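What follows is a single structure, written as structure tokens, with notes after it.
Here is how names work: the chains are called A, B, and so on, in the same order as the sequence lines, proteins then strands, and each is numbered from 1. These figures come from a predicted structure and were not determined experimentally.
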Amino acid sequence: MSIRSSEIEAKWQERWYAARINEVEKDDRPKFMLIFAYPGVTGYLHVGHMRGFTYVDAIARFKRLEGYNVMFPVGTHATGNGAISLAARIARRDQKTIDYLCGNTCPVDMLESLKDPVRVVEFFNDVYVNQYWKRFGFMCDWRRFTSTVKPDYQKFIQWQFRKLMERGMLIQKPYYAPACVSHGPVAIDASETDIQCGGAAETVEYTLLKFKCGDMYLVAATLRPETVFGQTNFWVNPDADYVKVRVGQETWVVSEDAHFKLTYQLDDIEKISPVKGSELIGLRCLAPMVHREILTLPADFVDPDVGTGLVTSVPSDSPDDWISLRAVQEDDATLDRFGLDKAAVKAIRPVAIIEMKGWSDLPAVEVTERMGITAPGDPKLEEAKKLVYKDGFHTGKMNATAGEYAGLPVMEAKERMKQAMVASGEAAVMYDLSEQVTCRCGERVVVKKVNDQWFIDYANAEATAASKEQAKRMEIFPAEYYQNIHGVLDWFRERACVRQGNWIGTKFPFDEKWIIEAISDSTLYPIYYTISKYANEGSIRAEQMGEEFFDLVILDKGDASKVSASTGIDAELLRKIRDDVHYWYPLDLNLGGKEHLTVHFPAFLMNHVALLPREMWPRGIFVNWWVMGKGGKISKSKGGAQPIPGAAEEYGVDALRLYYAHIASPHADVDWDNEAVEGYTSRTEKMERTLLDLMSLDGEGSEVDGWMVSRMASRVVRVKEMMRTYDLRSMANEVYFEAFNDLRWYQRRGGCHAPTIRRVLDLLLPLMMPITPHTAEELWEASGHNDLLSARLLPELQEGEIDVSKERAEDYLRGMMDDANEILKVTGIRPAKMTLFTAAPWKHEVVSMAVFLHEKGELKVPALTKMVMSNETVRGRGKEASDFARKTAEDMMKRSPAEAKKLVQRFDELSFLRASREFLEKEYGCSIEVHEAGEPGIADPQNKARQAAPWRPAILVE
RNA sequence: GCGGGGGUAGCCAAGCUUGGCCAACGGCGCAGGACUUAAGAUUCUGUCCUUAGUGGUUCAAGGGUUCGAAUCCCUUCCCCCGCACCA
């Protein structure tokens with residue numbers, strides 16, 4: 001099978017691309033432009049990535065069917081260090097990397113050239129285009145392919161940044177970024193591309209509290225500056241190494257490690273002399289903010305590599321402090337050793353400072369008692385700390401001791417107190433990493449202050465407001481994101497947009513030591529697809545694509561002949577490019593994975609809004625969720641996922657496409673499951689086989705033909721409706737499951753009329769084309785067409801093809817058969833004869849009355865009974881009439897009036913059932929009789945006929 | 001914490017915006033029948049309980065609104081994801 005399907009796939013792809021139906025130019029038709037957010041070039045992709053890509057192709061193909069001129073371009077994003085680190089790993093002959101490459105589709109003799117990052121990008125660009133996108137039959141205009149490493153693309157990005165600067169969207173300010181001490185900037189992220197370990201580390205902000213002590217300051221680091229009102233003493237690790245350093249005019253004491261880190265963050269810092277921790281014990285120092293003198297005491301828990309290696313003690317709210325304080329108070333030996341004033345130490349008591357719901361006023365004391373912590377170093381302290389900090393931060397309020405801060409929530413007090421202390425010179429700020437991070441080169445990673453960092457000002461009020469406005473007008477899927485994106489835009493702040501270090505990317509036009517980072521050069525780019533073709537074919541060259549070129553073709557600013565004169569580009573060509581840009585733009589749909597929710601999509605929107613005129617702002621966003629591996633994300637770096645070409649071979653491309661479209665809502669994660677995919681392989685095959693079977697039929701017409709055509713025509717209408725919201729799952733369900741069941745039913749009913757079948761195929765195959773294009777083309781050809789289905793339009797429906805009454809009649813038959821099956825199941829009878837009774841005419845009267853009352857909202861059993869009994873003919877039926885009235889009323893009250901109304905539609909049940917007799921006899925293998933209830937002379941020993949109701953015949957099984 | 005998503009029958013998974021055609025699409029699995037020498041494929045029937053086609057109890061749990069709720073409101077429990085320089 002797979003061999004055959006691969007052949008078919010190749011055959012049709014060749015024909016599509018040879019006929020160039022994928023290549024699009026501006027014309028008179030309405031246009032539709034859509035993209036998927038281009039993937040980063042980081043190595044081989046896995047089957048999960050094809051999900052979103054496939055959605056875009058299916059949508060693009062459907063839009064073509066609807067008559068749109070559809071541009072679906074693709075590109076790749078190579079900015080960053082992915083290719084560099086991959087090349088480096090190849091260069092140092094890393095076996096894992098080599099296995100990974102060769103285990104995919106990389107030929108061994110390619111390895112040598114892949115030591116060059118540029119070749120890595122080129123190599124994968126080829127893999128993505130040829131082994132993934134073309135392999136899946138995508139209807140992309142390949143001539144427009146672009147990549148962030150291409151010089152013409154980079155000219156575009158530089159132009160974008162010039163425009164950002166013009167709009168005041170670029171700002172410069174200091175920034176604290178992780179950096180290797182020998183390499184410079186590195187990225188800390190879970191995939192650990194730059195680093196050896198510490199991918200989970202976060203940058204944390206410490207407040208440095210300065211304790212005046214003689215002519216120097218002991219500098220403690222804290223994450224909770226709001227607790228200064230509870231300070232009772234100061235902790236020093238007696239065994240740690242400290243140093244005196246000069247910071248500006250002041251002398252600070254911090255740990256050796258802290259001094260090392262601070263040299264990356266303070267401009268004017270100089271080491272003076274080392275100090276032993278033990279020398280610092282027993283001193284009196286002046287606590288900031290509260291201006292109390294407190295004593296420095298020894299504590300082992302103080303880690304010289306965390307913060308400054310000095311800690312202020314707040315035993316009321318810090319379990320560590322409380323436990324250590326108690327320990328030292330009870331430890332006379334230690335007190336003696338350091339010559340401490342025992343009475344003074346033992347007199348120290350915690351000071352309550354924060355009120356929090358569900359806690360006493362000394363939460364640290366409470367939590368340690370509750371958890372049974374008695375000694376320093378207890379591993380449970382970590383949890384205790386978290387418990388108290390979490391509740392304290394979110395629910396706590398400063399109590400009366402906090403002076404002007406009394407009554408403030410901790411959350412607020414924290415920030416205000418920190419700022420007040422910094423302003424008064426009692427505190428400073430220091431950044432550190434929450435855990436040790438080591439660079440690839442083995443050196444330590446620290447937080448480094450960058451003085452002249454550039455940011456894109458996404459907090460810009462005007463751009464934010466305009467973006468939110470635009471978001472309201474856009475089609476955004478899922479609906480939850482439509483609601484949520486406003487919040488995301490509000491929360492979007494300045495973003496560092498350039499970086500230094502060993503990175504692939506575009507040089508920052510205002511200062512070439514900077515490289516524009518990865519998120520920032522992938523926001524406005526969809527518009528570049530309207531231009532890239534000209535650079536790719538060589539009509540324009542990168543060096544001609546300066547500011548005035550883009551100003552003209554994108555912003556329609558300036559004069560074509562002048563620009564022509566200065567760039568050397570033909571004026572006509574310039575006008576043509578400008579017209580192209582304005583024809584294709586705005587972008588109708590940008591589809592990307594959920595990872596883009598708070599990163600790419602808001603930046604994408606804001607850049608468009610900030611830089612382009614309103615009529616070029618984007619119109620749609622579609623977010624798809626992921627395909628997950630068993631027990632987590634399918635990981636590129638960690639492997640375990642099947643290579644895409646292998647999966648295509650094994651399951652068939654159309655089956656995979658159908659799998660993505662149908663397995664679940666696009667807005668939910670899916671677990672990859674071989675068996676599920678196999679199910680779609682067989683579904684595709686079944687569909688194909690069934691249609692081929694039908695094509696071979698050539699018999700008499702019958703009453704089901706009208707039904708069949710009506711069904712299929714209705715489905716065309718429904719699919720169109722579903723695709724208005726890109727609801728591919730419903731569409732797939734309709735085409736590959738519902739319509740498939742129709743076809744089966746048609747055959748079961750003996751349908752075999754060639755003209756009907758031809759019409760059905762003409763209606764159905766176009767609906768299959770977006771999701772399973774290869775199979776659809778193959779069947780299109782088999783059914784006698786010699787054009788390309790992929791270049792077709794949706795068929796026009798003919799007058800009267802949709803006939804609801806025919807569909808209802810078949811439903812009626814199914815309903816009757818369900819009832820019969822139920823009876824056969826319950827009774828276990830093997831039928832020798834079945835008699836069907838349609839309802840007596842007077843019952844239709846009753847149903848009409850019931851519907852009449854229902855529509856007025858007055859349907860109740862007594863009301864209907866009364867009305868029924870006022871009718872001459874019906875009244876004559878006596879108890880039977882009142883029973884039926886009750887049953888009808890009860891039954892109908894469960895339905896909506898609109899639904900109930902269908903019951904009064906007239907339908908000649910008797911003739912229809914009689915016409916279906918032959919079919920039913922075959923189905924049940926017994927003779928079938930059809931009568932109207934009350935018809936004289938019919939044997940009905942069990943009096944079943946009286947159960948007949950309109951649209952529900954009575955059944956007697958014998 | 002902030003922000004977001006979710007809990008549906010053996011499993012996967014629709015439905016929830018716009019309450020009534022919902023015992024709840026579809027698929028998988030399972031059981032039985034047909035076809036077949038057999039297997040597979042295909043197809044039909046069934047798959048909460050009960051039952052001559054009826055009735056009962058279900059959509060995390062508990063309340064409420066309504067003639068009527070998986071769908072609306074409130075409360076509780078549980079799960080997942082994002083929080084930025086990482087594509």
Watson-Crick and G-U pairing of RNA chain B, under 3.5 Å, as dot-bracket with | and [ ]: ((((((((.[[[..)....(.....]]]((((((.......))))))((.....))...[[[[[..)....]]]]])))))))....

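Remark: Lys448(A) engages no residue in a side chain to side chain donor-acceptor pair (under 3.5 Å) (not counting sequence neighbours). Every side-chain contact (heavy atoms from CB on, under 4.5 Å) that Tyr482(A) has, sequence neighbours left out, goes to Lys472(A), Ile476(A). Listed by chain and number, the residues in a side-chain contact (heavy atoms from CB on, under 4.5 Å) with Asp811(A) are Arg711(A) (sequence neighbours excluded). Among residues two or more places apart in sequence or in another chain, the side-chain contact (heavy atoms from CB on, under 4.5 Å) test is passed with Ala732(A) by Leu658(A), Ala661(A), His662(A), Tyr736(A), Ile771(A). Partners of Thr835(A) under the side chain to side chain donor-acceptor pair (under 3.5 Å) rule, at least two apart in sequence or in another chain, do not exist in this structure.
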Just distance, no hydrogens or angles: give the donor-acceptor pairs under 3.5 Å from side chains in residues 951-958 of chain A, sequence neighbours left out.
from      : atom 1 : to        : atom 2 : distance (Å)
Trp951(A) : NE1    : Leu903(A) : O      : 3.3
Trp951(A) : NE1    : Gln905(A) : O      : 3.4
Arg952(A) : NE     : Asp819(A) : OD2    : 2.9
Arg952(A) : NH2    : Asp819(A) : OD1    : 3.0
Arg952(A) : NH2    : Asp819(A) : OD2    : 3.2

What pairs of donor and acceptor atoms, side-chain ones from residues 169-176 of chain A against any protein atom, are under 3.5 angstrom apart with sequence neighbours left out?
from      : atom 1 : to        : atom 2 : distance (Å)
Gln172(A) : NE2    : Asp452(A) : O      : 3.0

Nucleotide N/O of nucleotides 3-6 of chain B paired with protein N/O under 3.5 Å:
none

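Ring orientation note: the planes of Phe508(A) and Trp454(A) are tilted relative to one another, at an angle of 30° to 60°. Using cut-offs of 30° and 60° on the angle between ring planes, the pair His667(A) and Trp625(A) is perpendicular.
Looking at heavy atoms from C-beta onward, Tyr458(A) lies out of side-chain contact with Thr464(A) at the 4.5 angstrom threshold.
Within residues 172-180 of chain A, the residues that place at least one heavy atom under 4.0 Å from RNA chain B are, in residue-number order, Tyr175(A).
Arg493(A) places its CZ atom 10 Å from the P atom of C85(B), with the value rounded to the nearest Å. Distance Lys594(A) NZ to C80(B) P: 12 Å, rounded to the nearest Å. Note: CD1 (Ile519(A)) to P (C83(B)) measures 11 Å, nearest angstrom. The distance from atom OH of Tyr128(A) to atom P of A87(B) is 13 Å, rounded to the nearest whole Å. Atom P of nucleotide A87(B) and atom CH2 of Trp626(A) are separated by 14 Å, given to the nearest angstrom. Rounded to an integer number of Å, the gap from Glu595(A) CD to A87(B) P is 12 Å. Counting to the nearest Å, the P atom of G10(B) and the CD atom of Glu675(A) are 20 Å from each other. Glu494(A) has its CD atom 14 Å from the P atom of C85(B), to the nearest Å.
Ring centroids of Phe907(A) and Tyr812(A) are separated by less than 6.0 Å, placing the two rings close together. Remark: aromatic rings of Phe604(A) and Tyr525(A) are distant, center separation not under 6.0 Å.
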Arg814(A) and Glu810(A): CA distance, side-chain angles, deciding distance, salt bridge (Lys or Arg N to Asp or Glu O under 4.0 Å) verdict: CA-CA 6 Å; Arg814(A) 296 291 308 232; Glu810(A) 271 325 276; over 6 Å; no

Nucleotide-resolved protein contact map, nucleotides 11-26 of chain B, B/S/- at heavy-atom distance under 4.0 Å: --SS-----BB---BS

Contact state string [nucleotides 39-54 of chain B, B base, S sugar-phosphate only, - no protein heavy atom under 4.0 Å]: ---SSSSSS---BBBS

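Defined by atom type and a distance below 3.5 Å, a donor-acceptor pair is missing between the side-chain atoms of Thr79(A) and Glu517(A).
A donor-acceptor pair under 3.5 Å is absent between the side-chain atoms of Thr76(A) and the main chain of Asn125(A), judged by distance alone.
When heavy atoms are screened at a 4.0 angstrom cut-off, Ala518(A) is found touching the sugar-phosphate backbone but no base atom.
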